[in-house]
Amino acid sequence: MEKAYVPQEVEDRLYQKWLNNQCFSGKIDPSKPSYSIVIPPPNVTGVLTMGHVLNTTIQDILARRSRQEGKSVLWLPGTDHAGIATQTKVEQSLAKSGKSRQELGRGNFLEHAAAWRDKHGGIILKQLQKLGCSCDWERNVHTLDEDYSKAVVDAFVKLYNRGYVYRGQRMVNWCPASLTALSDEEVIMKPQKGFLYKIRYNILETPGAYVEVSTTRPETIVGDVALAIHPEDPRWVTLKGKHVLRPINPKAIPIVADEAVQRDFGTGVLKITPAHDKLDFEIAKRHDLPILEILNPDGTLNKQAGPNYEGMERFAARKIIAKNLDDEGMLIESEPYENKVGFSERADVPIEPRLSEQWFLQYPRVEEAKKAVKDGHIRFFPKRWEKTYLHWLDNIQDWCISRQLWWGHRIPVWYRKGSIRSDSKNWHISTTPPKDIHNWEQDEDVLDTWASSWLWPLATLGWPDEDAMEKKGLDYFYPTSALVTGPDIIFFWVARMIMAGLEFRGMEKRKDMSLSESDIAKRIPFNDVYFTGIIRDADGRKMSKSLGNSPDPLELIAKYGADGLRHGIMSIAPKGQDIRFSEERIEQGRNFCNKLWNVCRFRQMSGGPKDNSIIDLILLRVQGDQITKDDQAILLRLAETLDEVERLYEAYEFNSVLHTIYHFFWTDFCDWYIEISKPRMNDSQAKETCLAVQDLCIRQILLLLHPYTPFITEELWATLGYSNGKSIQGVSPGKGDAFIKSLSNLGLNLDSNTLGNVSRIRELITHLRALKAERHLSNNKKVEFLFIGNESDEKMVQENESSILAMVGGAALKKTDTAPSGLPASITPLGTFFLDLSSGVDLESERKRLTKDAKSLEGIIRGIETKLSNPSFVDKAPEQVVAGAKKQLADNQAKLKETKEALQALQ
RNA sequence: GGACGGCUAGCUCAGUUGGUUAGAGCAACUGGUUUACACCCAGUAGGUCACAGGUUCGAGUCCUGUGUCGUCCA
């Protein structure tokens, strides 16, 4: 074996082997329980980020752990076509060569975009393989695949036929950069600094009188059709029914009273621009006001804004109109003001509320979606996200699902040529085009990307095609076992998948009929949802390309190995908490792998490879009379670790799982067991048993670690003779009691008392080491100790003398009856020990140290005494707590007595 | 404005249903070429658990309020 672990020599070779042996293929096997995960599909042209590393490592851990447990596992990978994002990128690349998509035309553009996708796409999948992800690559799905596209179209038609889809002229979020409508979820509210303008509107019926109106958007004045006041606002009672003159493009407009007006904003008088504000639109509808559209789709002012402003960009117009108002004395004041403005998620420009005809979806199964989570059919980890989810569903609005884009699933609606599109009589809505196609034209728009990805758990498993569903195992793998994703897409994706599952899985259920409890249980797309945290940089900032603070995972893999990266990221990812990235942790991950490698290397150096392929073969090498306390203790600790890990997995506490394994491996096994067993290597009888115990421990450690660090564990599994040609992947670490039982079946019964005894010896060793280290004596300098202790302590010390001396670097442990004078002392669980120094004891500093100890002990004792003398504590506290306190008092008093005696000896 | 989360050692975080002297890793400091590992070993030091009240025999843990940072929703 190499002196250090070299991941590069192992990773690609093993991954290829796994692929060749089809280790990751999700087989439909009714003899086994199934376990399934669908990957949150990354953008097809995306590259791996640290977020993906965290997210997919967790999924891989779940998949690999489940494979070990003997389940038939499917981890289904794929990519998303990412409508706006991809189209924008393609358009940008076209723009470089001076072309626009309009010039190319729809067909050519789509060909171009598909070629672009094929060239840049799929990189991320290769990167996931580098990370070791055990996806079933044969099943890779892309949302624009033919079958998947059929599912998307089919779902739309079903929803239309079931009465959930409608077309309507509505106020939508319009992106002036991408020239498309967006859903509410794609709008991000951001605080913006601007001005609040106070503008004068003259009252026509009362010459000389005017009202003040506050607005942040003076450019919309040209679209004003009225002013509005609250009907119960005493300040404005007299205004009802009067008119004002619009200060730009002058025109008489009425004053209306409406309860939606916010009285405490500005002066309490609102200008009404129905075409460019949602609230204004509603007020206008209630009062029969005209709708005056003044903006072009790209955000410039149109003809209706008047000749002075036509063609002007919206923010330029704002400045000019404000200035013109000021020049005419109509601007009373303007003050700096911060308000929240909606921005387009993708294009990052302010959106415009705009009246437009679009396709809308009334969400299906909203109530059942709430119930599914409330009643625990779907469990959220951490649970607190349930509240966010339910709150969104409580306030849900219809979903605008049409996008004025080309890259995506074209809406399966045809309109009779030359007819009015808003009339449903002229529609053909079907998965197949009309027969007399020449009389029809298809809707130009595509569907929102999320209106395809919300079908992900269904459509990747063959839905809605019966044959495909059977072949891909929908009945076997659905509902999927767990979903691992970030909380940022809880509305975009998680909630919608739940609704889609409830609506589409199983027989059609009429809109007005709700689903039964058992229907819900069968239809949900997943049982558990694990929300990861967001990875931040060391300063707590979100990782982003523009900040350049996102490390390249592939570089990290090259530097530290895939296992190192996985180990590092998992060690810092607490459940649902944001994560601060630091490369040091990845370095620790690599160091961990190296430690593992080396302890195995050490094992190899102690004796040639054995056939370890069956656990019983290892156990047969254990000789009953050679079993030591240390053997028993490490095996007991191992059993505890197995149980603890099991419990933590159930709670999705991934970083605690790792910490538990880490502690057992590094501290219990390497630092104590291996060290204490070194002297036993000199005795051939003892050696055989000791190595067998080592082999047992290493076996379990490799199994426990395999989900986290798959490569190195697979490699070592083979190197140390556990594999017999088979992969580690199918072997389960098992539960603690089963482990103990399998030992017991072969005659190895563990005594749980050894744990306490061994830990006292460990503590003693630590004390003795400290006595030396504080005096700068090197580890290997052999020194003698004197000690005072009772009979049982003495027995324990003598029984373990050789290993204590070996661990401490001691020459002898000598029993004495009286405290030797002038020597440094330490109070241990096995008596008072003195370091036998020939010369050079600094009495003063020794006295100081022991005095400090005595003082702290006195403080503790006082505290316990106070507690015990409090009658209400003795009365009310549980018996065992009182008994515990009494024991504690006695222990500390004994320790204090010993400390004082040692102090006395220094006088 | 509402909801949720964080505030514990210099840093990053553990801390189960309230019950010994609040833990770990990293960093720091001291020492070390031990039968694997310096990507290592041994040891030392470092904390009024954000603040203020309350409940309790007992609070880092439960309750109320405040501050502060962050996220989401309006």
- Item | Salt bridge A/D348-A/K190, side-chain N to carboxylate O under 4.0 Å | yes
- Query: For the side chain of A/N598 and the backbone of A/K3, is there at least one donor-acceptor N/O pair under 3.5 Å apart?
  - Reply: yes
- Query: Who are the side-chain hydrogen bond (donor to acceptor under 3.5 Å, both in side chains) partners of A/E640, not counting sequence neighbours?
  - Reply: A/R637
- Item | B/rA59 versus B/rG19 - spacing of their P atoms, nearest Å | 11 Å
- Task: Measure from CD on A/E583 to P on B/rU12 and round the result to the nearest Å.
- Result: 18 Å
- Query: Which whole number of Å gives the distance between the P atom of B/rC63 and that of B/rG1?
  - Reply: 24 Å
- Task: Find the distance A/L889:CG to B/rU21:C1' and express it as a whole number of Å.
- Result: 14 Å
- Could you summarise the pairing of RNA chain B as dot-bracket text, marking Watson-Crick and G-U pairs under 3.5 Å with ( ) or [ ] inside the strand and | across strands? (((((((..((((.....[...)))).(((((.......))))).....(((((..]....)))))))))))).
- Note on the structure: Atom CD1 of A/I535 and atom C1' of B/rC13 are separated, to the nearest Å, by 15 Å
- Message: Test your reading of the model: is there a side-chain donor-acceptor pair from A/D643 to the backbone of A/G736, 3.5 Å cut-off?
- Response: yes
Every protein N/O within reach of nucleotides 23-28 of chain B N/O, cut-off under 3.5 Å:
{"unit_1": "B/rG25", "atom_1": "O2'", "unit_2": "A/Q588", "atom_2": "OE1", "d": "3.1"}
{"unit_1": "B/rC26", "atom_1": "O2'", "unit_2": "A/E584", "atom_2": "OE1", "d": "3.0"}

- Task: Please tell me which of A/K876 and A/F491 maps to the more 5' nucleotide of RNA chain B, matching each residue to the nucleotide holding its nearest heavy atom.
- Result: A/K876
- Spacing of NZ belonging to A/K678 relative to SG belonging to A/C690, to within rounding of 0.5 Å: 11.5 Å
- Nearest-Å distance once atom C1' is located in both B/rG32 and B/rC37: 15 Å
- Message: Base, sugar-phosphate or nothing for A/D891? Non-hydrogen atoms, less than 4.0 Å.
- Response: nothing
- Message: Distance check, P atoms only: B/rU17 and B/rU61, in whole angstrom units.
- Response: 13 Å
- Message: Would the distance check show the side chain of A/T689 and the main-chain N or O of A/A686 forming a donor-acceptor pair, the cut-off being under 3.5 Å?
- Response: no
- Item | SB check A/E644 A/R647 (cutoff 4.0 Å) | yes
- Message: Between A/F491 and A/W392, is the ring-ring contact (aromatic ring centres under 6.0 Å, His included) condition met? List the steps.
- Response: CA-CA 7 Å; A/F491 312 136; A/W392 183 73; 5.2 Å; yes
- Query: Given atom CD1 of A/I489 and atom P of B/rC72, what is their separation to the nearest angstrom?
  - Reply: 14 Å
- Message: Using modelled atom types and a 3.5 Å cut-off, is there a donor and acceptor pairing between side-chain atoms of A/Y5 and backbone atoms of A/F592?
- Response: no
- Message: If you assign A/E653 and A/K340 each to the RNA chain B nucleotide with the nearest heavy atom, which residue ends up on the more 5' nucleotide?
- Response: A/E653
- Message: Determine whether a donor-acceptor pair (N or O, by modelled atom type, separation under 3.5 Å) exists between the side chain of A/E11 and the backbone of A/A562.
- Response: yes
- Message: Quick check against the 3.5 Å criterion: does A/K374 have a side-chain atom that pairs as donor or acceptor with the backbone of A/L390?
- Response: no
- Roughly how many Å is it from CD1 in A/I490 to C1' in B/rG5, rounded to a whole number? 14 Å
- Note on the structure: For nucleotides 35-43 of chain B, 5' to 3', base contacts (B), sugar-phosphate-only contacts (S) and non-contacts (-) with protein non-hydrogen atoms under 4.0 Å give BBB-BSSSS
- Interatomic distance at C1', B/rA28 relative to B/rG70, whole Å: 30 Å
- Side-chain donor/acceptor of A/R762 to backbone N/O of A/V758, under 3.5 Å: no
- Note on the structure: Side-chain contact check for A/R647: nearest option of B/rG19, B/rA74, B/rU16 is B/rU16
- Query: A/Y708: what forms a ring pair (Phe, Tyr, Trp, His ring centres under 6.0 Å) with it, not counting sequence neighbours?
  - Reply: none
- Query: Any idea how A/Y652 and A/F381 line up, ring-wise: parallel (<30°), tilted (30 to 60°), or perpendicular (>60°)?
  - Reply: tilted
- Item | Whole-Å gap separating P (B/rU20) and NZ (A/K886) | 17 Å
- Message: Whether the side chain of A/S677 engages the backbone of A/I674 through a donor-acceptor N/O pair (distance < 3.5 Å, no angle test) should be reported.
- Response: yes
- For nucleotides B/rA42 and B/rU34, find the distance between their P atoms and express it as a whole number of Å. 14 Å
- Item | Length of the line joining A/L648:CG and B/rA14:P, which is rounded to integer Å | 14 Å
- Query: Going by number, which of residues 387-396 of chain A have a non-hydrogen atom under 4.0 Å from RNA chain B?
  - Reply: A/K387, A/H391
- Could you give the distance separating B/rC39 and B/rA27 at their P atoms, to the nearest angstrom? 11 Å
- Message: What is the distance, to the nearest angstrom, from the CD1 atom on A/I534 to the C1' atom on B/rG70?
- Response: 10 Å
